[in-house]
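As a basis for the values below, the full set of heavy atoms in this structure was taken, side chains included, without hydrogen atoms, waters or symmetry mates. Numbering starts at 1 and runs along the sequence shown.
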Amino acid sequence: MAPVGAGLWRTLRAHQVYGANTDVGKTIVSTVLCNAVQRQKQRAAFLKPVSTGALDDADDRHLKRYGAGTLTKCLYQFDEPVSPHIAAKQKTIPRDDDLLASIHNTLTEWARKDIDFALVETAGGVHSPGPNGNSQADLYRPLRLPIVLVADSRLGGISSSISAYESLLVRGYDVQSVLLFRDDYYQNHDYLGNFFRKKSIPLVSLPAPPAKPAQVDADSLARDEEAMLSYYEQASKESSIAQLLEEMHTKNAERIERLAEMSSRAQDLIWYPFTQHHGMQPKDITVIDSAHDDYFQTYGTSQAETSVNELRPTFDGSASWWTQGLGHGNPNLSLSAAYAAGRYGHVMFAGAVHEPALTLADTLLKTLDNPRFAKVFYTDNGSTGMEVALKMGLRVACERYGWDASKEQISILGLKGSYHGDTIGVMDCSDPSVYNQKVEWYRGRGHWFDFPLVKMVDGKWKVEVPDEMRKNLGTDVEFESLDAVFNLDARLDSDKGRRYKDYIRQTIEGLVRERGMKFGALILEPVILGAGGMLFCDPLFQRCLTDVVRDHPEIFATESTHHKKEESWSGLPVIFDEVFTGLYRLGRPTSASFLGVHPDIAVNAKLLTGGLIPLCTTVASQEIFETFLSPEKSDALLHGHSYTAHPVGCTVAIESIKTMNAMDNNGSFDQFKTNWAQRVDSHAEKLAPHVWSVWSQDLIQDLSRAQPVESVFAIGTVLSISLRDAQGGGYTSNAAKGLQQQLAVGGHKFNVHSRVLGNVLYLMSSVTSKPESLQELEKLLRTALV
C-alpha cells in the first residue's frame, strides 16, 4: 500500500469539513459553500468518505439535490444510522490506508478535471470514530487538508466548538475558517466570533435553516424542499460567504507561494549544520510542509509528471537524524506535551522536583535494568549529557587514584571513529577527524583503539580485522548468522577472544608504563559508532576491552594508590554513549545488553522522547554519585541547564518509553523476528533470533552481492550500505552520492530523504514503521543497486 501524501493542489481548493459536534449542520454548510462556488461560475465537488444511515438521507444525496450542479461522491455507504465503527461491523471494513488513498485519489482526479473547489465532509464530531474505531482527527491527519470547522450554535456549543478547535490544532491541522448558524437566544456566534478573531480565523454566521417538518407526507416534503431551495438561494448570496471563499482561494495560493520561496529564503537566512554551503543551490534544500508517521510531505521534489499534487510523501530515511521512534505527529506524544505545557510550562529544577522528572527517572531505571544505576541527571541533548558523564568519570578516577587534573593530563580510552558530540569537552574524547581537525580548541586527549568490523560481504557475515592488527588479532572470521557474532559466551573463550584481551592489555600497559599516560574513563558507543561512519564494531572486541579495564585495575594505578577493597567500579569507570544506539534503536531497550555489560554511566537521548523534543539523561551508580558528596559546594557536580528536566520533555519521554516497552512485550516486532529466525537443520523449527532487524534478511543478502556494494549490515532499525570507492572511502568520499540521488528521485509511490557518511549511505526507520513501507523502500534499493 502506497503512503498517502498530504493534499495540496494549485487548481483545486480542497478543504475538510469537521463538526464541533454531531448534528451541527455540516452538510447544510457544505451545501451553502458549494452553491456559492457554483454561483461564481466555478465547479464545486463534495466528497463523503463514510456515510451511515438510509440512502435517501445520505449527505451526498442532499448535495446532489440542493447543490446546484455540485459533483458528489460517497466512498463507503453503511445502512445503519449509527456511528461508522458500529455500522462497519455489518460489512467489509475498509482499511484506514485504503480509505485515505481513495480520498486522495478522488481529489487528484478532480484536480485533473479542473474542479475548482472541493469539500471532504467527516461524520459526527471531531473525535467521532471512523470505520476502524480510530478518531477521525487522527484518521484523516495524513491528508492534512485545511479545515472548515462547523461550530455548534446550541446550548453548550461554545465549549464544544473551542474544544474541537483545540483538538484539531494539537494534531497539526490548519483551521482556516469557522461557520455556524445564528441563534439570537444563545448568541454563540458573537462569543466565538471574538474568540476566533483573536486567532486570525474568520468566522461566518449563517441564518438558521428552515425547521424540519413535523409530519412526513408528500405535501410536507414538497414544502420542505421548496423552503430549503429558497434558503440555499439566499444564504449562498451573502457577501460574507463570497468574502470567505475569496480568502480560502487566497490562502491556498499563498501557501503554495510560501513553499515555493522557502528554499531560496533558507539559503539567504540559515546556516546549516554539517553542511558546506559552497556551491549549494536552493534545489539542494528539502522543503518540508509537514510530517506524519514515517514521511515528510515535501514540496518541489521530483515526482511523476502526471501528478498535480504540489506535495509528495518522502520517507524520512535518517529517522530525522536518529530521533524518530514513534513516528512524526504521534498524537499521544503531542497530547503528553500539551498536557505538561499546560500544567507546568517550564519550572526550574535545582533543589526542586516535579512529577514528570520523578516518574521518568523511575521508569528509565527500570527499563535500563542495570543493577549499578541509581541516579539520573538531566540535560538537554546527547552532547551535553556526555559532558556530564565525562565530568563524573574523570572526577571519580582522580579521587580514587589521587591525581590532580590541574597539573597533569587525564585522558580517556575509546575507539577510533568515536563521536560523542560537538561541545568542546567531549570533542576531545574523539580521535582527530574531519569533525574536529579545524576546531581551534581541539586537543584530543586519549587513546583510541582501532578495531575489527562486522559486515556482510558476498552473503557471508564476517568479522574483518584491520591489516595493521592482523599480527596480534589474527585473520578475518566468518559466521553463519548475526546471532553467532553476538554469541559472546562462546566467543570469549575462543582464540580470538584471548588474542583480543592480550592485545588490549598489552597496549594499555604500554601507554601507562612506557608513555606515562593516565586514563580517567573508558567511553564506548556500544555496537555501532554512528557519526564515525556507521561502524559496526565486533561486539567481542568491545566486551574484551571492558573486561580488561575492569579485571586489571592494577594497570591504571601504582601500588600505593590502588584501592584493594571491593568497589562497584573497577579499573576505570565505564561510560556507554547510547544516545544513538539506546532505547530500541537496535531492537532492545539498551545496546549494552548486546555486550553483556553493565556500564557505570550511560547516556540516553534521541529515542528517549520518541523524536518530539530534546532531552537527555546521564545515569550513574550510587558510588559515583557519592564521590561528589562533600561539605564544600565546590565539590558538587556544578553542571546544569536552564531547561534541566524540562517537564514537557520528561512527560513525553515517559509516554515514549512506555509505548516502546509495550511494543517489545506485545509482539509488535514478531514479524521482523520471524524473518530473521534461523533453522538449526532442515527438520527443526525456526529459532527466535536474539538479534534481528526490520530490514529483511533477503535484502541484506542481495545487497551484499551487488557489484557497487562493498559491504552491508542491518540490526534493529539500522541499515548501512558501504559503497565501493577507489579512493578508499571516508567521510569526505562522494561514493554514496549517486545512490542518495536515486533514492531522492524515488518511485511512483514515494521518494526517500537520506543522509550519507562519506561512502556509507544509511537508512533508519522508526520502531513503528509499517512493513509495507519498508518493503517498498527495499524495492527502491534493489532497483538502484542489485
Side-chain angles (χ1 to χ4, degrees), residues 138 291-294 316 318-337 339-340 356-357 359-370 373 376 378 381-382 385 526-528 530 576-594 602-617 619 648-674 676 688-695 714-719 764-771 773-774:
D138 296 328
H292 187 270
D293 198 21
D294 278 329
D316 179 6
S318 70
S320 279
W321 253 351
W322 319 344
T323 64
Q324 284 300 312
L326 300 175
H328 295 280
N330 185 297
N332 292 329
L333 298 187
S334 297
L335 290 169
S336 296
Y339 167 75
T359 302
L360 175 55
D362 183 56
T363 302
L364 184 64
L365 288 171
K366 290 175 180 175
T367 298
L368 299 180
D369 194 26
N370 181 340
F373 288 159
V376 178
Y378 288 105
N381 58 70
V527 184
I528 299 177
F576 276 8
D577 177 353
E578 296 203 37
V579 170
F580 164 45
T581 59
L583 294 174
Y584 295 100
R585 177 59 69 202
L586 305 185
R588 295 186 184 180
T590 72
S591 53
S593 64
F594 288 95
V603 181
N604 279 280
K606 296 192 184 293
L607 289 189
L608 180 64
T609 62
L612 185 63
I613 194 169
L615 186 72
C616 183
T617 57
V619 187
V648 176
C650 290
T651 304
V652 171
I654 294 165
E655 180 68 26
S656 176
I657 293 174
K658 285 183 177 179
T659 300
M660 290 188 288
N661 284 344
M663 293 181 68
D664 192 28
N665 294 323
N666 66 16
S668 295
F669 307 134
D670 285 355
Q671 180 174 343
F672 304 119
K673 292 179 180 179
T674 299
W676 280 75
H690 297 290
V691 188
W692 55 275
S693 176
V694 302
W695 306 97
I715 180 172
T717 65
V718 181
L719 169 64
M764 213 170 297
S765 74
S766 301
V767 298
T768 54
S769 293
K770 296 181 177 65
S773 293
L774 297 175

Problem set entry | Pairwise side-chain contact, Val767 with Phe669, heavy-atom cut-off 4.5 Å (strictly under) | yes
Problem set entry | Rounded distance (nearest 0.5 Å) linking atom OG1 of Thr367 with atom CG of Asn604 | 10.0 Å
For this session: Evaluate the side chain to side chain contact (heavy atoms under 4.5 Å, CB included) criterion for residues Leu333 and Ile613: first the C-alpha distance (whole Å), next the side-chain angles of each, then the deciding distance (0.1 Å), finally the verdict.
Result: CA-CA 10 Å; Leu333 298 187; Ile613 194 169; over 6 Å; no
For this session: Can you measure from OG1 (Thr359) to CG (Leu364) and round to the nearest 0.5 angstrom?
Result: 12.0 Å
For this session: Specify the closest pair of heavy atoms between Lys606 and Phe580, including all atoms of both residues, with the distance to one decimal.
Result: CD-CA, 4.4 Å
For this session: Of all the heavy-atom pairs spanning Ser693 and Phe672, show the shortest one and how long it is.
Result: O-CB, 3.5 Å
Problem set entry | Gap separating the NE2 atom of His292 from the CG atom of Asn330, nearest 0.5 angstrom | 8.5 Å
For this session: Flag the pair Val718 / Thr581 as yes when at least one side-chain heavy-atom distance between them is below 4.5 Å, and no otherwise.
Result: no
Exercise. Counting distance only, does the side-chain N/O of Trp695 pair as donor-acceptor with the main-chain N or O of Thr717 below 3.5 Å?
Worked result: yes
For this session: For Cys616 and Val603, work out which heavy atoms get closest and say how close.
Result: SG-CG1, 3.4 Å
Problem set entry | Closest heavy-atom pair and its distance - Trp322, Leu607 | O-CD2, 4.2 Å
For this session: Check whether any side-chain N or O of Tyr584 sits under 3.5 Å from a backbone N or O of Gly716 as a donor-acceptor pair, and report yes or no.
Result: no
Problem set entry | Spatial distance of atom CG (Leu583) from atom CG (Leu368) [nearest 0.5 Å] | 6.5 Å
Exercise. Among side-chain atoms of Ser765 and Asp294, is any donor-acceptor pair under 3.5 angstrom?
Worked result: no
For this session: Taking Thr609 for its side chain and Pro614 for its backbone only, find out whether a donor-acceptor pair lies under 3.5 Å.
Result: no
Problem set entry | Side chain proximity check, Val691 to Ile715, heavy atoms < 4.5 angstrom | yes
For this session: Establish, for the pair Arg588 and Phe594, whether the NZ or CZ atom is under 6.0 angstrom from the six-membered ring centre and no further than 45 degrees off its axis.
Result: yes
Exercise. Shortest non-hydrogen contact from His328 to Ser320?
Worked result: CE1-OG, 3.3 Å
Exercise. Any donor-acceptor pair under 3.5 Å linking the side chain of Ser656 with the backbone of Val652?
Worked result: no
Exercise. Are Thr659 and Asn332 side-chain neighbours, meaning at least one heavy-atom pair lies under 4.5 Å?
Worked result: no
Exercise. Is there side-chain contact between Val619 and Asn370, with at least one heavy-atom pair below 4.5 Å?
Worked result: no
Exercise. Does any non-hydrogen side-chain atom of Glu655 lie less than 4.5 Å from one of Leu335?
Worked result: no
For this session: Scan Asp362, Asp369, Thr363 and name whichever one has a side-chain hydrogen bond (donor to acceptor under 3.5 Å, both in side chains) with Lys366.
Result: Asp362
Exercise. For Gln324 and Asp316, which heavy atoms make the closest approach, and how far apart are they?
Worked result: CG-OD2, 3.9 Å
Problem set entry | Close side-chain approach of Asp664 and Pro589, heavy atoms under 4.5 Å | yes
Seminar exercise, completed: d(Leu586 CG, Glu578 CD) to nearest 0.5 Å is 8.5 Å
For this session: Kindly say whether Ser769 contributes a backbone atom to a donor-acceptor pair with the side chain of Ser766 at under 3.5 angstrom?
Result: no
Problem set entry | Test item: Ile528 and Arg585 side chains (from C-beta on) under 4.5 Å apart, heavy atoms | no
For this session: May I ask you to decide if Ser593's main-chain N or O and Thr590's side chain share a donor-acceptor pair within less than 3.5 Å?
Result: yes
